[in-house]
Amino acid sequence: MTAFDLAVIGTGPGGYVCAIRAAQLGMKVAVIEKRSSHGGTCLNIGCIPSKALLHASELYAESKHSFARMGIRAETSVDFPRMMAFKQEAIDGNTRGIDFLFKKNKITVFHGEGAIAAAGMVKVGGEVIAAKHIVIATGSDSARLKGIEVDEERIVSSTGALSLAVVPARLIVIGAGVIGLELGSVYARLGSKVTVVEYLDRILPGMDLEVAKAFQRILQKQGFAFKLSSKVTSARNDGGKVTLSVEGAAGGAAEQMEADVVLVAIGRVPFTKGLGLDAAGVKLDERGRIVVDPRFATTAPGIYAIGDVVRGPMLAHKAEDEGIAVAEILAGQAGHVNYDVIPGVVYTAPEVAAVGKTEEELKSSGIDYKAGKFLFLANGRAKANQTTDGFVKILADAKTDRVLGVHIVGPMAGELIHEAAVLMEFGGSAEDLARTCHAHPTLSEAIKEAAQAVSGRAIHS
Ligand code: FAD
Ligand code: NAI
């Protein structure tokens, strides 16, 4: 039996990054992965394929809606199988990169389903691996809706939606969260009539409400239809189409809605099946997440957990940062994740991005704040590019001026947000941002002007 310093179960963004960081710190590392390729949900059926399809479909939409007014003449049409092949190339390129990194860092790979056999022992297939430390990074799975059976053809999870054979004429999305709006955008751009059914009275719960409302209006202009405060109570899948029964969130008369494809995107649940956690003494919380302390230690000695399978936002970069932190902690260093500064991005057009507290969170915790807002409509670069939908909103502590939250809906929001993240990591103020020279003409100037607006002195509004 080979003995390792660390065995990591699952090679998604949490697990593979943890393994590499631990190897960098001199540990002898094994990884166990049941999928044939590494990278987990993110690289195989999540972040990467969805962004490849978002990119391709956005360029197509641009060709249809923006080229002519820029004086570009082009006849474009969609070769959907080729677009899906483009997506697969993105997956393969990224997952192969991890094979390379594992070899480079001398990490031993075991393929198969891992389970905790005993303290310091992981079973995979017929083999038992001994390891001083075990990190569980088994991620999450799509949440299912009671009474609605996902066949991944007509009624799909995000996985099926990333691999449809044809563009559906009518797509109903259940859940106005990140997956629903990103994948809904892909198909809306390719020609589907997209209707989103959401249980709550708003889209994107958790995001700043003003941003969510503005974003909903933008999506409606793009052709999205929303049915908020509504719940799907049953689905009839006759192989040719799906008929949904939909009623108000509080009940009432049911309405029938027909679609060619239904995407169920109502959240994700931690994946812990078959790991032998109960016998190993690893406790779960009421939502099925592995309980960890601030050092990522579970309730069983020598066993740690990170990523989607533990508390916190289910995001790839959060999983990665936890992977680095736990490897450093195991090496005797001070690994740490600042959960107050984890950006979130919705990769639609325009993008939505946020870091820190929303206005609703500040109000409910009684924190006195000032808000500065700047519209892209008044930003020179956005005007030149004719991408003027949206705004930047900065929330700063009323007394200290420290930036507490930044919310953007607008062009390149997912890139712009990192300026705010770095500032907040260093405890910066709105004044610091307002006095930092920003190149002209850039979209980033909208952040500077929103910071000026915190003290009522934006130049262009
Ligand atoms: P995972 O990536 O889920 O990896 C877990 C791995 O463990 C898997 O490879 C699994 O096969 C393996 N595994 C499970 N059990 C065992 C076992 N017993 N033995 C061996 N192996 C096992 N996040 C973002 O930040 N940005 C995005 O743009 C984004 N887009 C997304 C789009 C979609 C459609 C989806 C579904 C998710 C998206 N996410 C995005 C979320 C992101 O994918 C997850 O937060 C991230 O993958 C979590 O990483 P993880 O390492 O915790 O788990
Ligand atoms: P989500 O939690 O973002 O949104 C789910 C939505 O479904 C919510 O609006 C919720 O109110 C609604 N809902 C729940 N039950 C419902 C019901 N019965 N009927 C109607 N609506 C219902 O979850 P989603 O979109 O499935 O994504 C899962 C996770 O994956 C996200 O939370 C995020 O962490 C991650 N992700 C991140 C991305 C990114 O960072 N760009 C992209 C895609 C996924």
Side-chain angles (χ1 to χ4, degrees), residues 8-18 31-51 53-54 95 110-116 122-124 135-146 148 157-159 161-162 173-184 196-207 212 227-233 246 249 263-277 305-310 312-320 322-323 342-348 351-353 414:
V8 182
I9 308 179
T11 58
Y16 89 75
V17 168
C18 174
V31 292
I32 299 109
E33 173 56 55
K34 63 178 182 180
R35 210 186 283 271
S36 59
S37 56
H38 299 298
T41 303
C42 181
L43 272 63
N44 292 282
I45 51 166
C47 327
I48 295 299
S50 60
K51 265 78 255 179
L53 291 181
L54 279 158
T95 57
F110 294 87
H111 274 291
E113 203 159 328
I116 315 274
V122 178
K123 209 169 44 184
V124 48
V135 170
I136 301 171
T138 49
S140 62
D141 197 4
S142 312
R144 300 289 147 125
L145 195 47
K146 215 169 140 220
I148 296 184
S157 69
S158 54
T159 304
L162 290 165
V173 178
I174 308 179
V178 200
I179 291 182
L181 301 184
E182 285 189 354
L183 295 180
V196 183
V197 181
E198 164 63 45
Y199 186 77
L200 300 176
D201 60 358
R202 56 163 297 175
I203 68 167
L204 289 180
M207 283 271 183
K227 246 185 125 38
L228 303 182
S229 305
S230 299
K231 63 179 179 204
V232 175
T233 51
V246 181
L263 163 60
V264 183
I266 57 161
R268 294 182 63 82
V269 288
F271 187 82
T272 53
K273 224 168 39 203
L275 281 169
L277 297 186
I306 55 168
D308 279 11
V309 82
V310 304
M314 288 182 162
L315 295 172
H317 40 287
K318 176 261 194 186
E320 288 184 28
E322 289 182 340
I342 295 185
V345 178
V346 189
Y347 297 86
T348 41
E351 291 179 341
V352 182

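Both ligands and their constituent atoms are indexed starting at 1 by order of listing. For the single chain, residues carry numbers from 1 onward in sequence order. Side-chain atoms are counted along with the backbone in the values below, which use heavy atoms only and exclude waters and symmetry mates. Treat the numbers as computed from the prediction; the structure is a model and nothing was measured.
- Residue Met314 has at least one nitrogen or oxygen atom sitting less than 3.5 Å from a nitrogen or oxygen atom of ligand 1, judged on distance alone.
- Looking at residues two or more places apart in sequence or on another chain, you find a salt bridge (Lys or Arg N to Asp or Glu O under 4.0 Å) between Lys51 and Glu182.
- Summarising the contacts of atom 49 (O) of ligand 1 with Cys18, Gly12, Pro13, the nearest heavy atom is found in Pro13.
- No N or O atom of Arg268 sits closer than 3.5 Å to an N or O atom of ligand 1.
- For Lys273, the heavy-atom gap to ligand 1 stays at 4.0 angstrom or more.
- When the heavy-atom distances from atom 53 (O) of ligand 1 to Ala115, Ser37, Gly139 are ranked, the shortest goes to Gly139.
- Residue Ser140 touches ligand 1 through its backbone alone, judged by heavy-atom distances below 4.0 Å.
- Atoms of ligand 1 lying under 4.0 Å from at least one heavy atom of Cys42, given by number and element, are 2 (O), 43 (O), 47 (O).
- Shown in contact with Ala137 at under 4.0 Å from a heavy atom are these atoms of ligand 1, numbered in order with element: 5 (C), 6 (C), 7 (O).
- Counting heavy-atom neighbours within 6.0 Å of Phe110 CZ, excluding the residue itself, gives a total above 12.
- When non-hydrogen atoms are compared, ligand 1 lies under 4.0 Å from neither the backbone nor the side chain of Thr159.
- Close approach to Tyr347 involves these atoms of ligand 1, each under 4.0 Å from a residue heavy atom: 28 (O).
- Of the options Pro270, Gly15, Gly114, the smallest heavy-atom separation from atom 19 (N) of ligand 1 is shown by Gly114.
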* Asked: Step by step, would you call Leu145 with Ile174 a side chain to side chain contact (heavy atoms under 4.5 Å, CB included)?
  -> CA-CA 9 Å; Leu145 195 47; Ile174 308 179; 4.0 Å; yes
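- Residue contacts with ligand 1 do not include Val178, since none of its heavy atoms lies under 4.0 Å from the ligand.
- The N/O atoms of Ser158, backbone and side chain alike, include none that comes under 3.5 Å of an N/O atom in ligand 1.
- Ligand 1 has an N or O atom lying under 3.5 Å from an N or O atom of Gly14, backbone or side chain.
- For a threshold of 3.5 Å applied to N or O pairs, the pair formed by Glu182 and ligand 1 contains no separation below that value.
- Evaluated by nearest non-hydrogen atom to atom 39 (N) of ligand 1, the leading choice among Ala265, Cys47, Pro313 is Cys47.
- Within ligand 1, the atoms closer than 4.0 Å to a non-hydrogen atom of Gly307 are 52 (O), numbered from 1 in the order shown.
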Tabulating one pair per line, provide the atom names and distances (0.1 Å) for every N/O atom of ligand 2 that is less than 3.5 Å from a protein N/O atom.
from	atom 1	to	atom 2	distance (Å)
ligand 2	3 (O)	Val178	N	3.3
ligand 2	9 (O)	Glu198	OE1	2.6
ligand 2	9 (O)	Glu198	OE2	3.3
ligand 2	11 (O)	Glu198	OE2	2.6
ligand 2	21 (N)	Tyr199	N	3.2
ligand 2	23 (O)	Gly267	N	3.4
ligand 2	25 (O)	Val178	N	3.2
ligand 2	25 (O)	Ile179	N	2.9
ligand 2	26 (O)	Gly267	N	2.8
ligand 2	34 (O)	Met314	O	2.6
ligand 2	40 (O)	Val345	O	3.4
ligand 2	41 (N)	Glu182	OE2	2.8
ligand 2	41 (N)	Val345	O	2.7

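- No side-chain donor-acceptor contact under 3.5 Å links Thr95 and Asn44.
- Ligand 1 places these atoms under 4.0 Å from at least one heavy atom of Glu33: 6 (C), 7 (O), 8 (C), 9 (O), 10 (C), 11 (O), 12 (C), 20 (C), 21 (N).
- Comparing heavy-atom distances from atom 13 (N) of ligand 1 across Lys34, His38, His111 singles out Lys34 as nearest.
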